[in-house]
Each structure stands twice: as structure tokens, then as C-alpha cells.
Number of protein chains: 2
Amino acid sequence: MWMKATPSIDLPSGQRSLAAKPGTELLRRQNMLAVLGVLRLKGALSHTELSELTGLASATVTAVTVDLEKTGAIERQEQSAPSGRGRPRVLFERAAGFAYAVSVQISSDALHYALSDYRGKLIDRFSTVRDVNVARAGPLLQDIAASLARLLGRSKLSPEAFSQLSLSSKGIVESEIGRLVWSPVLGREEVDFSVLADAYPNCHLSLSNETLLVVQALARRQSSRSEMPPNGLVALSLGHSIGLGIARMEAGEIMTTAPNFGHMLNAPDNRLCRCGAYGCIEASAGFYGILRLAFQVPPNTIPAKFVPLAEMEKIAQSARQGNRMAQYAFRQAGLALGQGLSRVLSLAGDMPVAITGPGNRFYDLLTGGVEEGLSQSLHVRLNGQPAISLVQDEQTLVFEGHVDRALNAIDHRVTQVR
Amino acid sequence: MWMKATPSIDLPSGQRSLAAKPGTELLRRQNMLAVLGVLRLKGALSHTELSELTGLASATVTAVTVDLEKTGAIERQEQSAPSGRGRPRVLFERAAGFAYAVSVQISSDALHYALSDYRGKLIDRFSTVRDVNVARAGPLLQDIAASLARLLGRSKLSPEAFSQLSLSSKGIVESEIGRLVWSPVLGREEVDFSVLADAYPNCHLSLSNETLLVVQALARRQSSRSEMPPNGLVALSLGHSIGLGIARMEAGEIMTTAPNFGHMLNAPDNRLCRCGAYGCIEASAGFYGILRLAFQVPPNTIPAKFVPLAEMEKIAQSARQGNRMAQYAFRQAGLALGQGLSRVLSLAGDMPVAITGPGNRFYDLLTGGVEEGLSQSLHVRLNGQPAISLVQDEQTLVFEGHVDRALNAIDHRVTQVR
DNA sequence: GATATTTTCTCGACTGTCGAGAAAAACAAT
DNA sequence: ATTGTTTTTCTCGACAGTCGAGAAAATATC
């Protein structure tokens, strides 16, 4: 879909693209990343397996592992079950205590904290409820800071051990600088999370859109099974708000993006969205939009702040039992989603769609509208309906995405300086 | 906008990503490409300038230029105006006769042929008219084959000299295999252009969407002036049909894509599009769509095959003189464009928009609708209106894009095998 | 204990980049 | 004419990294 083109060197002077590094050394860096990556994916591996999986020559593997051992990022498991005859293989593994990653999932009604070691193993987790009515940035930041301290205390680690703090929220995010630009709960009040890392000297911070993490995790799962579709994949998260993420492989790495799908203009109608605009996809397909339609509330009514899942289940049940208005509401929601998806696929190319989030339990009611919306575009009429699958347990996906991105950031940092 | 992530080595065994090459040698390849690229951009350059512009050490430049000279891709200008005192600089330059690129722009009413040398200089060009009524693939292919032979004859080159044949058309394209999947003129009749290269033993073929070439040329112009916006740029081509291309820098290279914008679903209305669907952007904003609205023809009327520009000028003039229906038609067109653009920006991030094509002379009539459509999305309300500029002479841009991509492909091939 | 087997590690060759300084080639001054 | 001066190009040795082959290590089997 994307086409490569010009070299186009237009750099002022004396510096290369951004890997402005001494030429050949970044080769080594890539190889180190490859070794670390495959170790994360597959667990403990022998020298030989490492060589096979990375494609590196055996000698190179030695050089790289020696390097990595020296920095402390990997260690060798001395004991090993003697598998057959011949010299027993020694297994390399990521050193669990080398670094720790903290993930914080900021959702509308709760905050989920997790601590993982350098192998990606979950060490500790807890959640705190969030008062939906206190929609202010200040208290939120204090709350998180306190919980981080609590996480540290329970782990009995030193503050230096925290290497990466990965935050996520629904909404629009400037991930480089850790600033939340717009969120369903806080609206246009910008939140600068970067202060949270100040208490931990080695800790870097990243802020991600929630569905970006979902699609990251999905892509990771698929690519670890060598099942990554060539054009990438889409994750669509259905709930009170609508999120969408796209992942594609690029130069052997997973690249993800979380466009502003829920508030992409769908149709210039009079359905009022939480964001203040009319005609957003979310205004039709978010829980509050479905609710509003099902109960024939005027579509420009200010949306409910929160719709309990039980409420949605009731509407779904009445739809399944034949209630026309409820059926219509879900169909309209599906239509908006299908139309929106058709636009995404027109723009980004054809790819499979994974539907996650609490709303995907209603997919039986949405599917008709989705297919209708999809087939209204030339793209779908040429390429056929995209493959759509339901994936459960979004929460776990978010966590996996957190860990994946966090460890990845750490790996890049470790191999960088040397 | 796009975020880098996992190493994720999931390759079956023994082979690296796709540059499955012997490690360090692709460093050299990159450096060769850098030298070739900067020579194409800036013309003749001395050893010292080469070193400065590429960031390579002087010794490396020597190594690379020696290599490239050996293959014949570059040559040294012996004579040089003695600039000052000191040893005179010898200038390297791409060897004009090293390879030749042929571009063919397939438009609805004409075919434009051009031959360029390895420096990108235009050698020869001519156009042939295309019978709009003969909308069949066979005659078209024969016509092109004959014209290519004519181009070869006039150039007095041998058939081996043609190194790259770059075709372009509006529509949907599978560029890798040179197949046109859908085009405004031929509809769903697929055309396989790959046979055209058979007569030229060294010739490779590429097929691009026309607006992709436009945005490629724009990106090249901007990046050569170091003015490339960080998020990339969008080109929107207005005419009988609507095209859109996106370009962004990635790892120092221009990456382009031409999504299926004209037939992206805009609103589920009853405006019939050429593609057979209802509600495409083109059905509102293409010339035939504007015409239909202005003359109050029923919107589900089968679109005109071709609308002369003079006809559009008449409508525009009457709109400028106050005709309400004509004004409405342009406003609706602008609205569809603005809404579509807002979706593109929501998905791909904020970037400047360049408007090209014959329709951009009517932009004064479109602008109101465009701005209204844009501002209906949260993205634009947060980031403000995107920078919109008008760029004239689309034809030249297409040609530049052709040459850029063709030479680039040749450069990659040259540096590849060794 | 010898042998076979499997895995890891070491060594030398090769490729490529870099910095520094030598060589080249012009002009200017004596 | 010769000697410097200046500017640019080219060469050389050092260094970093990868690779293939084969030596070395460590175990099971005979």
C-alpha cells in the first residue's frame, strides 16, 4: 500500500538521518534488538536457536550475547535438563530484574496499575476506582502519583528500578511529550503526565491511546505466530466510546497508529456527540448513542456520561426479542461503524478487522448495519468484505500492549548508548 | 503520528527481513543511494560537497564514487571553471546515458509520453489523443506499444537503453504487478500492462496512480528545500474525477500512498457516482457532480462521461455572478471535499493540503464549503484548519513524479546486485 | 575409556567506515 | 623558475562488525 521512493538527502550538513550514528555500529544495535526481541517472544533460547531465529551467524550471536550479558540485560540459565546427548545447550534469557515496567490504564471509572519485570512477567497489580464526577486533572495526577508510590512500596524495589512508565487513556494523545490533548472524561482540559516520572530517576514515560495498545497486542500475537496480514490489521473497540487502532509491519517492526476514529465525521446529521460536534461515529455507535436512539430521545440531547453495561444488555435483549426501535438503534450503530470502516479501508488499504471492547457482545445486532455500511464504498465492492473477528478480553490486550511498548522502549534505550 | 514499536522477529529461519543481505554490505548500498540521490537533487557535485551533503566521511565518499564510477552510473566532469586557487575540484555527475526512463501518462482524453535520461532531463516528448469512446483495454495496449516504439525510434537509442517504464492512470492500481484494477474510463475491466516491457530487455515497469505522482513531486520539491512538513503532506487533485495522495518522510525516504479518496463514501445520499455507487465524494465534487447539481438534473442521473472545462467555467462564472444554484453546486462540492479531508486528517494526522488539477481554479467557490466540512470534525476543531495551498500545472507535477519514481527505481536496482 | 554427537566458541578473512595526513594541483609571491 | 600557499582529493592504517569453518567442550552411548 505504501510505496517507497526517493532517497532525498536534504540534511543540512554532517549529520545522517536520525540514526546519525557511526555507521556500522547501528548494525550491531539492530542485531542486539533482534536478539532481545526474540528472547522476549520465545522465552529462554539456546545459542543455536538464537542464530536460527534471528538469521545471524553463530559467531555474531556470540558477540552479541557477550555484549548483552555484560550490560546485564540477559543472563544464562546454567542448569538445564539434559535433552539428548551431545553438549548440553545453555539457555539465554532476559534478566528478570534488569528493569521494571509500570503500566497505568486510565479508564473512565477506574485506574488499573501493573508492574512487570524485564521478561514481561506480571509482578503485581491493583486497581483503584475513579470518581466519575471529579473530572479534573489535578486530583487525577495526585491520585496516580500516590498509587505509583504504593506500587513501589509493595514491590520492595528501589525507585531507580522503575525504567518505564506506560500510561494509557482513551482520547487524543501527544505521546512524545506525554500530554493528553483530549479525553472523553476530561474533555479539552490538557493533562501533562510527564511530572509523574520525576520521582523515579531512571524512568521514562510514554502515553498511549488505549486502542493503540489493543492493536499493538493483537499485532504482536499475530506476528509471533507469523500470521500478521501483509497490509496490517485494524482493531475496533466498542464501548461507551469508540476507538480504533491500526498496526502494520514496517521494516520488521510493528508500527501502530490510533486515528481519531470515534470523532471522525460520519454523516452531517443532528446526533450530538460528547465532543460537542454533530454526526460523529460515536454519536451513533457509542453506548450513549445506541441508548438514545433506542429510547427515541431526541438525538441532540446531551449524551449520558456513563451507561452501565447492564442497561445495554437490556436494550440488546429487547432487540433480540423483536423490539423494532432497539433493533433500529443497533442497526444505525452498525451502519455508522461500517461506513467509518469503509473509509478507513479506503484510505489505509484492505485489512482484517478485530472487534474488541464490551460492545462486541452485541455484534450479532450490529453486523447487518456494519455490512451494509461497508458495502456502500467502491473499495469494499472491489475487495469484498474485510475479515471481521471478535476478540474478547480487551483489558488483557491493553495490558499486553502496555508491556510490549514499555519493554520495547527499554530495549531501545539499552542498546542505544552502549 | 505513527509510532514505532516491537522488534518482533518472527521469520521462519535463516533469513532476515527482506534485505536478506550479508549484513554490512547494505550499509554500502545505502551510502551509494545517498550519493546518487544527492547528485540527482543538486546536479554536479565535488567530492567535498558530496561528503558534506551526505554526512559521509571523505574516505567513504571516495570508496563509493569509485564503485559507482566502475558501474558507469556516475562520471567526472574533467573540465571545470577554476574557481579560486588551490587544487581545482572535480565534479561528479550522474552519467546521462547510463539509463533512460520512459513515462506514460494515461489520461481520459490523451496519452502523454516522455523520455528522460539518467539525470532526469527531458529528452523527448509527445502526446497522442485518445478516443474516449474506445474504452477497451486491447486497443489501448496496442496504441501504447506503438508509441513506445515511436519514442525509441526518435531517440535513436537501442531497446536495451530503456530501463524503466513508468505508467500512470487515475484509478486503482496494483503497482507491484503493473495491473490497473479500476479506472474511471475502463471501469472494472482490469488491464495488465506488464506485457509492454517485454520488448525492452532491461526495462522494468511500474504503474502508479496519477495523484500519487503529484504528491511525490510535491514532496520532492519540498524536501529538496528542507521544507517537508513533519507529518507529511496531502495532494488533492480536482477535475472530472477526484484524486488524493499522501506523502510522508520515513527513514529519510519519501513514502507515498494514494488512497481511494474519490470513491470514499461521503454521505449516504442519492447522488449516483460513475463507479455505480451512491454518495461517493466524486459524485458531489467531480466535474460531473457539480454540473448535475448546478443544472438541477436529478442526482441519480447517470453521470456525463466527460465535461469540457469550458462548460465548468460557464457554471463558475454564473456562480460568481450570483446564480444561486451554481453557487450551491460548488458549495456542496466543497462540503464533500472538506468532510472527506477532515476524515483523512483524522486518520493520518494533521498536514498541509495542496490542491491541484484543473478544478482548483474554482477554489474561490469551493472554499466556503471546504472550510465548513472540515470544521465539522473534532480533529479540525482541535488542530485548526489545515494549511491549504493551490498548486498549478498538475501536468508538470505528474511528469516530475514519474521521473522521480523511475530514476529512484533504477538507482535501487543499480545499487542492489553489484 | 573410546567414540559419537551435539552445541558452543574461537580464529582468520572479509567488508565497510573513519580520521588524519600525504599527495595533487592550482595560484601567488619572490 | 622556484618556492610557498591554499584548497581539494586521495591513501593508509585503525577500528568495528559479520561470517564461515573448524576447533573445543560437554555429554551419552558403546
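Quick note on labels: first sequence line is chain A, next is B, and so on, each numbered from 1.
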Closest nucleotide among [options] to the [X] side chain:
| X | options | value |
| --- | --- | --- |
| A:Thr62 | C:dT10, D:dC10, C:dT5 | C:dT10 |
| A:Arg89 | D:dT9, C:dT15, C:dT7 | C:dT7 |
| B:Arg87 | C:dT8, C:dT17, C:dA24 | C:dA24 |
| A:Glu25 | D:dA16, C:dC18, D:dT9 | D:dA16 |
| B:Ala57 | C:dT15, D:dC19, C:dC18 | C:dC18 |
| B:Ala59 | C:dT17, C:dG19, D:dC10 | C:dG19 |
| B:Thr60 | C:dT8, D:dC19, C:dC18 | C:dC18 |
| A:Arg85 | C:dT5, C:dT15, C:dT8 | C:dT5 |

[N] [atom2] sits how many Å from [X] [atom1], rounded?
| X | N | atom1 | atom2 | answer |
| --- | --- | --- | --- | --- |
| B:Ile74 | D:dT9 | CD1 | P | 13 Å |
| A:Arg28 | C:dT15 | CZ | P | 19 Å |
| B:Leu50 | C:dC18 | CG | P | 14 Å |
| A:Asn31 | D:dG17 | CG | P | 10 Å |
| B:Leu26 | D:dC19 | CG | P | 11 Å |
| A:Glu49 | C:dT7 | CD | P | 9 Å |
| A:His47 | C:dT10 | NE2 | C1' | 11 Å |
| A:Leu27 | C:dG16 | CG | P | 11 Å |

(request) Taking ring-ring contact (aromatic ring centres under 6.0 Å, His included) as the test, write out the residues that go with A:Phe92, two or more places apart. (result)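 Here no residue qualifies.
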
(message) Taking ring-ring contact (aromatic ring centres under 6.0 Å, His included) as the definition, give me every residue that meets it alongside A:Tyr100, ordered by chain and number, with sequence neighbours left out.
(response)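 For A:Tyr100, no residue satisfies ring-ring contact (aromatic ring centres under 6.0 Å, His included) once neighbours in sequence are set aside.
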
(request) Go through the N and O atoms of the side chain of A:Ser58 and the base of C:dC9, and report whether any donor-acceptor pair is under 3.5 Å. (result)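 Per atom types, the contact qualifies.
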
(request) Give the C-alpha distance, both sets of side-chain angles, the deciding distance and a yes or no for salt bridge (charged side-chain N to carboxylate O under 4.0 Å, His left out) between B:Arg94 and B:Asp117. (result) CA-CA 10 Å; B:Arg94 293 166 68 95; B:Asp117 66 19; over 6 Å; no

(message) On DNA chain D, does the nearest nucleotide to A:Ala63 precede the nearest nucleotide to B:Gly86 from the 5' side, or the other way round? Give the residue.
(response)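 Closer to the 5' end of DNA chain D: B:Gly86.
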
(message) Could you check whether A:Thr256 and A:Arg405, counting side-chain N and O atoms only, form a donor-acceptor pair closer than 3.5 Å?
(response)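 There is such a pair (donor and acceptor under 3.5 Å, judged by atom type) between the side chains of A:Arg405 and A:Thr256.
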
(message) Quick check on side-chain contact (heavy atoms from CB on, under 4.5 Å): which of A:Leu91, A:Leu53, A:Val35 does A:Leu45 satisfy it with?
(response)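 Exactly one option meets the side-chain contact (heavy atoms from CB on, under 4.5 Å) with A:Leu45, and it is A:Leu53.
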
